[in-house]
There are 2 protein chains.
Amino acid sequence: MAKADRLLKIITLLKGRRTVITARQLAEVLETSERTIYRDIQVLLDTGFPVEGEAGVGYRLQPGFEIPPIMFTAEQLLAVQLGLKMVQGWSDKELAISAEEARVKIEAVIPDRLKETNQQNCLLVSKHYLNTEAAQHSLSIRRAIQQQYYLTMAYKKADGEHSKRVLMPLGLVYWGQKWTLIAWCLLRHDYREFRLDRIQALVVESEKFSTDESINLTSYLKLLRELYGEQC
Amino acid sequence: MAKADRLLKIITLLKGRRTVITARQLAEVLETSERTIYRDIQVLLDTGFPVEGEAGVGYRLQPGFEIPPIMFTAEQLLAVQLGLKMVQGWSDKELAISAEEARVKIEAVIPDRLKETNQQNCLLVSKHYLNTEAAQHSLSIRRAIQQQYYLTMAYKKADGEHSKRVLMPLGLVYWGQKWTLIAWCLLRHDYREFRLDRIQALVVESEKFSTDESINLTSYLKLLRELYGEQC
DNA sequence: CAGCTACTGACAGTTTTTGTCAGTAGCCTT
DNA sequence: AAGGCTACTGACAAAAACTGTCAGTAGCTG
């Protein structure tokens with residue numbers, strides 16, 4: 001087997017595994033010697049490939065590098081760049097930072113001669129939302145959704161009525177200027193949707209919930225589609 | 001020079017040029033023989049690198065492949081994915097298609113074990129805007145900005161007053177649910193900003209304009225910053 | 001058509017790679 | 001602490017790949 005092919009196969013094998021793989025295993029699969037595998041790994045390391053090896057353990061990808069490079073066309077990249085500006089203006093502070101990092105990466109790889117004609121320069125996004133209280137709530141809620149923590153929330157409806165709820169947060173929806181939280185409400189025993197700008201107070205509880213086949217975001221969306229068709 | 005290094009340098013040289021480069025030129029720069037260059041090019045072709053060569057002409061990158069692959073972390077990718085959803089919901093139909101293509105590309109490369117924990121599934125974006133008249137205008141305006149065509153526009157202010165304007169379109173701003181057009185107005189001889197949802201009629205003229213040091217988007221933004229500070 | 005280019009095969013000399021062997025060092029379990 | 005497992009490295013001879021020269025084919029452009 002040609003060396004270049006073997007290097008690519010090592011990369012593929014490393015990316016397809018959660019657990020470590022030893023030089024012996026690689027040598028068997030690729031029908032070569034362990035010494036050659038050690039040399040190949042060194043070549044990968046020299047070229048910056050994020051592999052790490054521990055004596056007595058084996059090799060694996062360094063955490064955080066499981067996602068391979070993506071190749072976009074110029075048009076797709078314009079959509080990505082505009083989208084990142086929107087995230088910077090209308091999501092939460094953490095996402096805004098990630099979006100800025102992503103934008104810097106993109107700027108770094110665009111050839112100079114493509115920068116002059118880059119349409120994204122003419123597409124701007126306002127940036128006032130991130131300092132609102134709704135945006136602070138947004139970040140807390142997003143984390144609670146991911147880690148599945150109950151929320152206790154004081155809410156004020158459009159008609160001025162106040163209520164207190166204990167919720168299983170499931171998703172966030174962006175409506176342009178407004179975000180809403182989709183949650184299972186323990187008070188009403190049903191799904192409910194709440195506008196983030198009407199939240200009076202919010203506490204992320206330390207108790208975890210779990211979703212199942214009857215209470216989860218996918219079911220709620222399916223329910224909405226049955227009720228309203230494809231408008232959702 | 002090592003073969004692997006030379007291959008990378010050929011890629012770099014091809015990416016840095018607008019015009020073709022011959023095998024002789026490559027051989028001189030890389031201090032090797034033309035026969036070796038022909039072999040290297042074949043290796044690049046065999047591995048899928050998008051180079052094309054024409055007898056009597058020379059080599060160049062296939063159009064559409066000037067932008068190299070980009071490697072995002074999981075957090076950055078979350079921002080990209082949310083951003084693409086926002087573009088799909090709140091820009092124009094062309095950008096929405098590009099955004100969908102980009103999303104498909106991303107989905108194709110995310111390893112299966114990372115899909116389960118992918119937070120983007122819980123972040124949704126409403127999709128009603130693209131069928132509005134404002135979104136149709138948005139696409140026409142974006143093209144006119146890029147190609148620098150004058151616009152003739154019938155506009156209705158918030159107070160109900162109608163006006164007709166001839167404009168040099170310079171940029172589009174997203175305010176969440178609303179887009180505005182930044183333009184140089186020939187009627188007022190000054191910059192003006194117009195809400196897309198208040199446009200009554202719009203015609204893209206066949207006459208081209210040109211910007212200079214005094215009339216362009218960057219100057220306008222600088223002017224705004226001097227007037228309002230960093231709020232813009 | 002002439003001049004330029006990309007392209008390919010053959011071959012001998014040069015360079016790189018490979019597997020075997022021996023030895024070093026670290027991690028994990030008992 | 002010892003043993004078994006792993007990653008790691010240098011040396012060397014044999015095998016493989018690469019390189020430049022040469023000769024010839026084919027296509028593009030003015």
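Throughout, a chain's letter reflects where its sequence line sits, starting with A, and its residues are numbered from 1. Computed from a predicted structure; not experimentally measured.
For the pair A:Arg39 CZ and D:dA16 C1', the interatomic distance rounds to 13 Å; values are reported in whole Å.
Closest approach of A:Ile145 to A:Pro169, counting heavy atoms only: CG1-CB, 3.7 Å. Shown here for B:Lys208 and B:Tyr150, the closest heavy-atom pair between the two residues is O-CE1, 3.6 Å.
Listed by residue number, the members of residues 27-38 of chain B with any heavy atom below 4.0 angstrom from DNA chain C are B:Arg35, B:Tyr38. Non-hydrogen atoms lying under 4.0 Å from DNA chain C are contributed by A:Lys3, A:Arg6, all within residues 2-10 of chain A. Within residues 45-58 of chain A, the residues approaching DNA chain D are A:Glu54, A:Ala55, A:Gly56, A:Val57, A:Gly58, by heavy-atom distance under 4.0 Å.
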Verdict with supporting geometry, B:Asp40 and B:Thr32, side-chain contact (heavy atoms from CB on, under 4.5 Å): CA-CA 11 Å; B:Asp40 288 349; B:Thr32 189; 5.5 Å; no
Walk me through it: do B:Tyr191 and B:Ser219 pass the test side-chain contact (heavy atoms from CB on, under 4.5 Å)? CA-CA 10 Å; B:Tyr191 297 106; B:Ser219 300; 3.6 Å; yes
Evaluation steps, side-chain contact (heavy atoms from CB on, under 4.5 Å), between A:Leu186 and A:Leu167: CA-CA 6 Å; A:Leu186 295 210; A:Leu167 308 171; over 6 Å; no
Could you go through B:Phe72 and B:Ile106, starting from their C-alpha distance and side-chain angles, then the distance that decides it, and tell me whether this counts as side-chain contact (heavy atoms from CB on, under 4.5 Å)? CA-CA 10 Å; B:Phe72 296 113; B:Ile106 293 170; over 6 Å; no
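Using modelled atom types, one finds a donor on one side chain and an acceptor on the other under 3.5 Å when comparing B:Glu101 with A:Gln76. A donor-acceptor contact closer than 3.5 angstrom links the side chains of B:Gln120 and B:Lys85. Residues A:Gln148 and A:Ser210 have side chains that never bring a donor and an acceptor to within less than 3.5 angstrom of each other.
The main-chain N or O of B:Ala134 is never found under 3.5 Å from a side-chain atom of B:Ser138 such that the two would form a donor-acceptor pair. Not a single donor-acceptor pair under 3.5 Å links the side chain of B:Glu31 to the backbone N or O of B:Ala27. The backbone N or O of B:Thr22 sits less than 3.5 Å from a side-chain atom of B:Gln25, completing a donor-acceptor pair. For A:Lys93 (side chain) and A:Leu139 (main-chain N/O), no donor-acceptor pair under 3.5 Å exists by modelled atom type.
Taking the six-membered ring where tryptophan is involved, the planes of B:Trp90 and A:Tyr174 are perpendicular, since the angle between them exceeds 60° and thus also 30°.
Residues passing the salt bridge (charged side-chain N to carboxylate O under 4.0 Å, His left out) test with A:Arg165, sequence neighbours excluded: none.
For DNA chain C, the contact window with chain A, defined by any atom under 4.0 Å from a protein heavy atom, covers C:dT17 to C:dC27 in 5' to 3' order.
Stem regions for DNA chain D, each three or more consecutive Watson-Crick or G-U pairs with both distances under 3.5 Å and listed by first number, read C:1-30 with D:1-30.
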